[in-house]
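One structure is given here, and the rest of the page talks about it.
Letters A, B, ... are given to chains in the order of the sequence lines, protein chains preceding strands, and every chain is numbered from 1. Below, each value reflects all heavy atoms present in this structure, side chains not excepted, and no hydrogens, waters or symmetry copies.
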Amino acid sequence: MQGRPLFLFIFAAYFRKMIQDLLKTAIAKVLNQLYGSAFVPTDITIENTSSDFEGDYTFVVFPYLRLSKKNPEQTATQIGDELLIHSTEILKFEVVKGFLNLTIKDSFWLTFLKQAATEKSFGMAMPNSEEPVLVEYSSPNTNKPLHLGHVRNNLLGYAVAQILRANGHKVFTCNLVNDRGIHICKSMLAWMRYGNGETPETSKLKGDHLVGKYYVIFDQHYKKEIGELVQTGLTEEEAKKKAPIMLAAQEMLLKWEQNDAEIVGVWKMMNEWVYAGFAITYENLGVQFDKYYYESNTYLLGKEIVQEGLSKSVFYNKDDGSVWIDLSEEGLDQKLVLRGDGTSVYITQDLGTAELKYEDFNCNRSIYVVGNEQDYHFKVLQKIAQKLGKSYADGIYHLSYGMVELPEGKMKSREGTVVDADDLIADMVLTAEETTKALGKMEGESEDHLKKLYHTIGMGALKYFLLKVEPKKKMLFNPAESIDFQGNTGPFIQYTHARIKSILRNVSATESFNFTDEKIVMSVIEKELVFKIYQYPLVIKEAAKELSPGVICNYIFELAKQYSAFYHDHQVLNEANADQRSFRLNLCKLTADIIQSGFGLLGIEVPEKM
RNA sequence: GGUCUCUUAGCUCAGCUGGAUAGAGCAACGGUUUUCUAAACCGUAGGUCGAAGGUUCGAGUCCUUCAGGGACUACCA
């Protein structure tokens, strides 16, 4: 607890008592007093009053009728009367059937507003006050460029890390690059056979796209060979296993694991091309990592763990030397952990990586942002870690997200039905440019500034579009319908921010935002805006609990919408009453701050003008 | 076959641990600009929450069954 008193002072805001908690405490007390019960505040649930009724918070009394032995209206009224005596925050109440709607005094909201406006990072928890968390995301294969599915992964991972930080966690991020395995051998083989020494320089192709091209070429030859074998009477299944080009790829993988100089040389070269390409895409997406792991490094450690598992009799050998684990008692199947030829499979290296991650970061909680097609894989991984008695086993958490689908179904790299990440980014930026020019509000700005703005808006639209959908749900992307810039979108929210900034630019830096409570008359719209602002800290908590950036998206949109209604109906700069003007300036400032802060959690920038 | 998951307005999605008459955006239709940025605001229309049971004061939300979609169930990653 050393140093805590100082922090208490500096971070006083972090310990602000939420009105909801005060109400719960008061309600529990009243119930106990009236009915001789023994409720504690956490037993009580209150909710925001529906906008159709007057009030701020609602307490539903139906569950307590047994105790009161009165009808709902009488019960609610009785509790309400007592609450008025016990709480200094409640102005009045209204009873509708079994619903006790409580209205909080304006002075409470006004005091809150003034205080919040002075905070540097309203809504954020004290940094590094919570347990450390490791977030792995992105985790690309090195045989093809990133597509829309990867974009969702990257944005999710980045946002989840930010949200956890906002909740006080120390967060580390890492990227596990799947740089070895049969897939990269396919690209290598095709390039060695058909590439004629082509490089990113000679082809003018981004490195990851060049390698991806050969992945497709491999698949074309593979399919052709399968066709020919089927002609000779083999079944499709047999043909897939016996196609010469596939056998050659498998042989290449074996050579690679034996450290064959030529193969390793090509492998290194082609991976470098891919990394150079990825770096550009990551830069555009605005993601970065504390540490990269490479499967080519971790799979060996994985093999050691396989040995450990064998010696602990967690794993067993089959006759051909392959190593398995039997998880049928856990409702899973038997699972291969090492091939008969001694080469490792996906889970082999994941076991090694998990070990390494724990050694490096010592996080008991470790989040893997990986698609839901791997749900089974992660169940197996966790079970194995538990059976091996690893201390980090229980902290493994698979943040499983749904696939991004096209109208015709799932994207398939090999069949070329993918929405390429680089293309999509370029499209979005171009649309932002066209829209901005059409509106003609940015004439006279410098080229550099405009270029940055187009990127900000285009990426804002893309990121918001992908993040607003609940992670676990699959989502649909229709390339024929471009992503909107109006309504519930990133640009609308960015625009709201820009409009606020336009007001604040007209305020002198020395102007005080202070006001006298008694001189303020809050309209319904203003009151609802304050109420919305008040919720921000809770929303950040909720987003972390659910590991869902969508929670932030929904909230920021509602805030922006509420502000837009306010903006439309109320003057700020021309308000004659100085106190009312200051009050409104606080609303403006806090709304802008929250939009910037909330969007920051999503990795979305906000412009000063647009 | 087994396991998991999804189904809410024409389309894309919200709906916190069960609570009041199920909400947004887009698309459609109508209105708003001499006033801080109209990428905006306001209004109209649009729903038996996949179906049927059950649990209870109360179910879009929890349980069961069914239908339909998807994923996984590889010595692929």
Side-chain angles (χ1 to χ4, degrees), chain A residues 45 47-53 58 60 62-63 65-66 72 96-99 101 139 141 143 178 180-184 186 241 250 295 318 320 322-324 331-333 335-341 343-347 349-350 371-377 379 400 402-403 405 409-410 432 435-436 438-439 441 457 461 465 468-470 472-478 481 484-496 498-507 538-539 542 545-546 550-551 553-554 557-558 560-561 564-565 567-575 584 588 609-610:
Chain A
T45 57
E47 51 205 275
N48 298 348
T49 302
S50 157
S51 55
D52 300 332
F53 298 91
T58 295
V60 184
F62 290 115
L65 299 184
R66 251 191 312 248
V96 182
K97 292 187 282 184
F99 299 89
N101 299 328
S139 304
N141 294 337
N143 62 323
N178 292 305
R180 47 135 264 135
I182 194 73
H183 57 283
I184 179 68
K186 290 176 183 176
K241 284 182 182 164
Q250 281 164 353
E295 196 187 324
K318 280 195 177 173
D320 60 2
S322 57
V323 183
W324 296 72
L332 305 171
D333 293 328
K335 193 81 189 166
L336 178 91
V337 294
L338 198 67
R339 288 195 190 98
D341 63 5
T343 59
S344 61
V345 289
Y346 185 46
I347 202 152
Q349 66 77 27
D350 245 346
N372 65 9
E373 55 197 353
Q374 293 190 29
D375 286 354
Y376 184 76
H377 171 79
K379 274 186 196 162
S400 166
M403 298 289 101
E405 290 179 9
K410 203 182 164 185
T435 308
T436 304
L439 289 169
K441 296 178 187 176
I457 297 173
F465 176 83
K468 79 175 175 183
V469 179
E470 205 60 24
K472 57 174 159 287
K473 291 199 177 179
K474 69 173 183 204
M475 63 182 300
L476 186 85
F477 176 79
N478 189 347
E481 301 167 10
D484 269 316
F485 281 56
Q486 288 170 1
N488 187 356
T489 66
F492 162 61
I493 292 163
Q494 291 171 321
Y495 174 70
T496 307
R499 289 212 290 188
I500 299 173
K501 286 303 171 127
S502 176
I503 291 177
L504 295 178
R505 270 195 299 275
N506 286 310
V507 176
L538 286 176
V539 168
E542 173 72 13
K545 199 180 117 210
E546 302 292 322
V551 171
C553 290
N554 289 335
F557 172 62
E558 285 168 14
K561 209 158 53 113
S564 290
Y567 181 91
H568 184 267
D569 283 11
H570 301 283
Q571 288 289 312
V572 179
L573 297 174
N574 297 332
E575 170 58 46
R584 288 181 182 163
C588 292
K609 282 166 88 173
M610 69 184 273

Return the polar atom pairs (N/O with N/O) between nucleotides 33-35 of chain B and the protein under 3.5 Å, or none.
{"residue": "B:U35", "atom": "O2", "partner": "A:Gln571", "partner atom": "NE2", "Å": "3.3"}

So which protein N/O to nucleotides 20-27 of chain B N/O distances come out below 3.5 Å?
{"residue": "B:A20", "atom": "N6", "partner": "A:Thr58", "partner atom": "OG1", "Å": "2.9"}
{"residue": "B:A20", "atom": "N6", "partner": "A:Asn101", "partner atom": "OD1", "Å": "2.9"}
{"residue": "B:A20", "atom": "N1", "partner": "A:Asn101", "partner atom": "OD1", "Å": "3.3"}
{"residue": "B:A20", "atom": "N1", "partner": "A:Asn101", "partner atom": "ND2", "Å": "3.2"}
{"residue": "B:G25", "atom": "O2'", "partner": "A:Asn488", "partner atom": "N", "Å": "3.2"}

Under 3.5 Å between N/O atoms: give me all the protein pairs with nucleotides 60-63 of chain B, atom names plus distance.
none

Pairing pattern in dot-bracket form [Watson-Crick, G-U; both distances under 3.5 Å; | = partner strand] for RNA chain B: (((((((..((((.....[...)))).(((((.......))))).....(((((..]....))))))))))))....

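Atom NZ in A:Lys472 sits about 11 Å away from atom P in B:C16, given to the nearest Å. When the C1' atom of B:A38 is taken as reference, atom OH of A:Tyr567 falls 10 Å away, rounded to whole Å. When the P atom of B:C6 is taken as reference, atom CG of A:Asn372 falls 10 Å away, rounded to whole Å. When the C1' atom of B:A71 is taken as reference, atom CG of A:Asp375 falls 8 Å away, rounded to whole Å. Whole-Å rounding puts the A:Lys410 NZ to B:C72 C1' distance at 10 Å. Between the P atom of B:C11 and the CZ atom of A:Phe465 lies a distance of 16 Å, rounded to the nearest Å.
Within 6.0 Å of CZ in A:Arg66 there are 12 or fewer heavy atoms belonging to other residues, nucleotides or ligands.
Residues satisfying the ring pair (Phe, Tyr, Trp, His ring centres under 6.0 Å) test with A:His568, not counting sequence neighbours, are none. Contacts of A:Phe557 classified as ring pair (Phe, Tyr, Trp, His ring centres under 6.0 Å), with partners at least two apart in sequence or in another chain: A:Phe492.
Rounding to the nearest 0.5 Å gives a distance of 11.5 Å between CG of A:Asn48 and CG of A:Asn101.
Taking the P atom of each, B:U61 and B:G15 are spaced 15 Å apart, rounded to whole Å.
If you run side chain to side chain contact (heavy atoms under 4.5 Å, CB included) between A:Ser344 and each of A:Val337, A:Leu338, A:Val323, A:Asp350, only A:Leu338 comes through.
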